[in-house]
Student: 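This structure is in structure tokens; I'll ask about it shortly.
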Amino acid sequence: MELSAKYNPSEVEDKWYAYWLENKFFHSEPDEREPYTIVIPPPNVTGILHMGHVLNNTLNDVLIRKARMDGKNACWVPGTDHASIATESKVVAKLKDMGLRKEEIGREKFLEYAWEWKEEHGGIILQQLRKLGASCDWDRTRFTMEPALTEAVLATFCHFYRKGWIYRGVRMVNWDPEALTAVSDDEVIHRDTKSHFYHLRYYISDGNGNPTDKYLVIATTRPETIMADAAICVNPNDERHRSLRGKKVLIPLINREIPVIEDDYVEMDFGTGCLKVTPAHDVHDYEIGLRHNLPVIDIIDDHGRLNEKAQILVGQDRFEARKNIVALLQESGNLEKVEEYTSPVGYSERTNAVIEPKLSAQWFLKMSDLAADALDAVESGRIKFIPDKYRNTYRHWMENAHDWCISRQLWWGQRIPAYYLPGGQIVVEETPEKALEAARKIDSTLCASDLKQDEDVLDTWFSSWLWPISVFDPQFPGHPERTPNPDLTYYYPTNDLVTGPDIIFFWVARMIMAGGEFMAEVPFRNVYFTGIVRDKLGRKMSKTLGNSPNPLDLIEKYGADAVRLGMLLCSSAGNDILYDESQIEQGRNFCGKIWNSWRLVSGWTVSPTAKQSDCSRIAVKWFDSLLLRTIAAVEDHYSKFRISDALMAVYKLFWDDYCSWYLELVKPAFGEAVDSATYKATVDFFEKLLKLIHPIMPFITEELWQAMSERKTGETIMYQRTPEIGQVDGTLLDNFDLVREAVNSIRGIRAQKQISPKLSLDIFYEGKLAPELFPVMEKAANVGAFREGNAEGAAVSFLVGTVKFSVPLAGFINEDEEKLKLSEELEHQMKFLAGVRAKLSNEKFVAHAPEAVVALEKKKESDALARIESLRAALSTMN
RNA sequence: GGGAGCUUAGCUCAGUUGGUUUAGAGCGUCUGCCUUACAAGCAGAGGGUCGGGGGUUCGACUCCCUCAGCUCCCACCA
């Protein structure tokens with residue numbers, strides 16, 4: 001087949017992806033083979049592909065394609081996440097454009113819109129993944145909020161409720177006044193924010209609610225909350241405030257009387273040493289309040305506005321109120337001074353609203369037992385983290401895990417299956433029918449309309465933590481009495497998980513918990529943490545910076561294979577990726593190289609009668625061994641998840657060894673034909689190389705694999721086996737390296753001395769050199785003759801290993817310089833030898849070191865001796 | 001404040017119980033080549049006292065101490 005002069009990815013990619021789909025090559029069913037399973041980290045259903053996805057899914061795809069070619073039953077389950085907050089806020093925004101508010105249209109109508117939106121925009125990202133070449137089993141596509149998975153979520157909720165691990169409690173939560181929901185601690189980002197420190201005077205009461213002329217000063221950043229104050233707190237050891245003991249003070253503006261209390265929590269040397277305690281609006285204050293039995297006065301509503309309890313500024317937004325109250329305090333003479341102050345402020349990860357600490361009733365899941373098991377799974381090595389350093393982070397978190405607040409004040413998500421009876425009792429059941437049944441046991445007169453279901457939905461992670469289980473058998477989790485279906489039995493536990501370290505607690509840890517709870521088995525064996533994709537200046541990709549390229553544009557411009565290689569090039573596990581388009585260019589160039597090399601080989605005419613030259617024969621033998629050795633190295637890299645090392649090994653094998661050396665050695669001269677033995681070997685090597693490259697660059701390898709020979713329909717490189725590891729001729733490889741180094745030196749000398757590469761020279765050598773490599777040497781270095789012995793007259797000499805080469809070059813050589821170099825080398829070798837011998841004569845070393853290590857030292861010793869010999873010999877010939 | 005990690009060539013990174021690595025790769029740079037597969041290419045070259053200082057050792061990028069700088073996580077003094 002004639003190849004076009006240039007590789008055109010866009011022509012090729014759609015064709016092969018369609019072919020793969022058509023033949024169901026991605027589909028997997030349980031069978032007798034060993035399974036290899038990955039579940040996709042489900043992207044947000046309404047998300048669009050960004051560079052992080054590209055990195056993550058490229059890695060996933062490389063692993064799954066590799067496993068497939070290793071003969072495993074490879075299954076990669078795709079799907080999407082309903083992403084409560086993110087999706088709901090998008091729908092809310094859309095409704096706003098339509099002039100609607102969710103509260104106006106009600107829950108049911110809102111969910112209709114939301115589903116509509118999901119149908120319209122949902123799953124775009126999965127289509128985009130196909131462009132990247134992702135070989136997911138699309139027949140198994142799942143969605144965390146599809147009916148079956150929702151059932152699983154509700155069943156597990158009931159399971160934990162019955163177990164007594166789920167409880168309802170009033171807690172200080174992180175309230176997002178924009179999204180109108182509580183968010184978990186992990187979803188709050190603390191940023192240093194400039195604000196002010198307001199010093200306020202609280203006058204001491206005379207006992208009858210009237211101010212005296214004495215006052216104390218507190219410092220606060222939130223003057224708008226003073227109306228919710230329940231006490232003023234000082235440190236019991238603070239001498240300055242002795243006189244305040246047992247006194248009461250008056251809240252400015254509203255003149256409510258509050259006590260002065262003492263608590264160790266207050267730092268004496270911070271601020272004025274007096275702390276206003278506002279239990280409703282600060283976590284620590286809440287805790288102080290509990291200790292001192294203080295009333296909780298909540299003056300801020302869900303939207304972040306002051307309510308009636310505030311008495312003043314009612315209805316104003318908290319920030320507006322802050323501005324206004326400062327003016328009032330100024331007027332009333334309670335404002336002593338204002339300082340500039342920078343303090344960390346919590347922001348909502350989703351909406352970027354300032355988080356309001358708020359007391360509310362929420363559902364919690366007890367973590368202690370779950371966390372202990374999940375910690376053990378990693379500590380015991382049943383789950384491996386790559387890189388290992390994340391184990392520390394993980395341990396630290398697991399040992400301090402707080403109970404998980406699982407309720408969210410949203411509508412898009414799984415609604416909590418708790419039902420309130422008119423008498424205040426709660427029943428928790430998977431369906432309204434079952435709930436009614438349970439309720440009637442309490443009160444037989446109840447009917448369906450008497451039950452009020454909890455308004456909240458569950459945290460999204462409460463469904464995605466089941467992902468590795470529920471994608472296979474949604475009927476199983478939460479029902480220990482059932483038997484898992486064949487899919488779950490066969491595919492669980494999955495093998496590898498590739499994800500970002502940012503969700504190690506959100507998702508990874510919780511999947512491990514769910515796995516332990518419902519399967520009594522870890523959900524995966526290895527977790528490969530990618531880094532965060534940044535731009536080349538090290539900044540995070542962001543819309544506002546405009547530094548985030550659209551992956552689809554890149555695929556369009558360079559081809560999916562190029563994008564994949566570009567992402568992988570610089571991605572060692574756990575390190576952030578500094579994205580640079582030049583890496584993708586490198587990928588494109590590699591495609592071009594592969595393409596052109598096949599254009600060369602496929603263009604050769606083969607002569608059945610021609611005899612194989614010595615040079616070609618050795619070249620074939622050499623590359624065969626090199627290929628085998630590289631395959632072993634690549635396997636080793638994959639087994640340690642060193643994907644970029646595996647990639648680089650293959651890249652260099654193809655480019656430097658196959659193209660630059662092997663093909664140059666066997667390439668027939670212009671107008672001549674290649675002998676059939678060499679041709680066959682060359683084509684065979686090429687095919688093996690394609691197979692090695694395929695997991696990384698699926699499209700171009702399929703295209704060329706199909707092009708290089710007649711293939712039957714239904715055949716694909718995807719299911720070819722990884723080339724096998726075999727016996728490597730190490731001596732040949734070493735000798736060849738010697739030749740290569742010598743040739744490079746000769747080329748260097750030629751370039752330096754400006755001798756035309758076309759001018760044939762005689763090269764002399766002294767020392768041991770495998771004679772079978774002479775033909776290679778002669779061809780590669782364009783040497784007229786290759787002779788043992790000493791060059792007569794002036795020559796440039798250089799050592800390669802223990803062999804001394806000389807290139808005769810009248811008038812160009814500086815013998816003193818050469819001598820100096822050789823003497824330095826000799827000195828170093830002597831020193832080194834002494835070191836090795838010292839170690840060998842060290843009894844402790846010989847007694848304790850493994851045999852192989854001692855053998856290595858002995859080899860080093862003899863190598864050094866040989867080297868010293870030849871150096872001395874070389875030096876003596878110079879005089 | 002607590003913890004973890006990082007610092008090696010212009011850039012991005014390897015460096016595997018301390019020794020043939022008197023430090024390697026890819027990209028970039030420079031020089032010479034439009035040589036009939038490929039200029040998105042070929043052939044060469046240059047470039048690092050391995051963050052600073054100290055120590056252990058025959059020998060340190062590797063181990064220990066110390067200082068400096070960077071990153072991340074956790075916790076948040078109102």
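In what follows, chains are A, B, ... by sequence order, proteins preceding strands, each numbered from 1.
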Student: State whether A:Asn589 places a side-chain N or O below 4.0 Å from either non-bridging phosphate oxygen (OP1 or OP2) of B:rG41.
Tutor: yes
Student: Please step through side chain to side chain donor-acceptor pair (under 3.5 Å) for the pair A:Thr225 and A:Lys276, ending with a clear verdict.
Tutor: CA-CA 10 Å; A:Thr225 63; A:Lys276 76 186 199 67; 2.7 Å; yes
Student: Roughly how far, to the nearest 0.5 Å, is OH of A:Tyr658 from CG of A:Leu663?
Tutor: 4.5 Å
Student: Output yes when at least one side-chain N/O atom of A:Arg588 is less than 4.0 Å from OP1 or OP2 of B:rA40, else no.
Tutor: no
Student: For B:rG5 versus B:rU66, give the span between their P atoms, rounded off to a whole number of Å.
Tutor: 15 Å
Student: Looking at B:rC27, I'd like to know if its phosphate oxygens (OP1 or OP2) sit under 4.0 Å from a side-chain N or O belonging to A:Tyr651.
Tutor: yes
Student: Taking N and O atoms by type only, does the side chain of A:Glu664 place a donor or acceptor under 3.5 Å from a partner on the base of B:rA43?
Tutor: no
Student: With a 4.0 Å cutoff (strictly under), does any side-chain N or O of A:Lys593 reach OP1 or OP2 of B:rC42?
Tutor: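 True: A:Lys593 side-chain N/O within range (under 4.0 Å) of B:rC42 OP1/OP2.
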Student: Please give, in whole Å, the distance from B:rU12 C1' to A:Leu647 CG?
Tutor: 14 Å
Student: Could you tell me if the side chain of A:Tyr579 sits less than 4.5 Å from the side chain of A:Leu55, heavy atoms only?
Tutor: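 When only atoms from C-beta onward are counted, A:Tyr579 and A:Leu55 do not touch, as no gap falls below 4.5 Å.
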Student: For the residue pair A:Phe590 and A:Ile693, establish whether any side-chain heavy-atom pair is separated by less than 4.5 Å.
Tutor: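 A:Phe590 vs A:Ile693: side chains touch.
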Student: Which listed nucleotide (B:rC72, B:rG44, B:rC27) is nearest to the side chain of A:Gln586?
Tutor: B:rC27
Student: A side-chain contact here means heavy atoms from C-beta on lying under 4.5 Å apart; do A:Val683 and A:Tyr679 qualify?
Tutor: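 Touching, per the 4.5 Å side-chain cut-off.
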Student: Taking Watson-Crick (N1-N3 plus N6-O4 or O6-N4) and G-U wobble (N1-O2, O6-N3), each under 3.5 Å, can you produce the dot-bracket string of RNA chain B? Use [ ] for crossing pairs and | for inter-strand ones.
Tutor: (((((((..((((.....[....)))).(((((.......))))).....(((((..]....))))))))))))....
Student: Could you check how far CG of A:Asp285 sits from C1' of B:rC77, rounded to whole Å?
Tutor: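 The distance from CG of A:Asp285 to C1' of B:rC77 comes to 11 Å, rounded to the nearest Å.
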Student: Consider side-chain contact (heavy atoms from CB on, under 4.5 Å). Of A:Cys274, A:Pro223, A:Cys233, which one does A:Ile218 pass it with?
Tutor: A:Cys274
Student: Kindly say if A:Trp655 contacts the phosphate of B:rC42, meaning a side-chain N or O under 4.0 Å from OP1 or OP2.
Tutor: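 Affirmative; the distance criterion is met.
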Student: Counting only heavy atoms not in A:Glu556 (residues, nucleotides, ligands), do more than 12 fall under 6.0 Å from its CD?
Tutor: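 No, not enclosed.
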Student: Check this one for me: any side-chain N or O of A:Asn596 less than 4.0 Å away from OP1 or OP2 of B:rG41?
Tutor: no
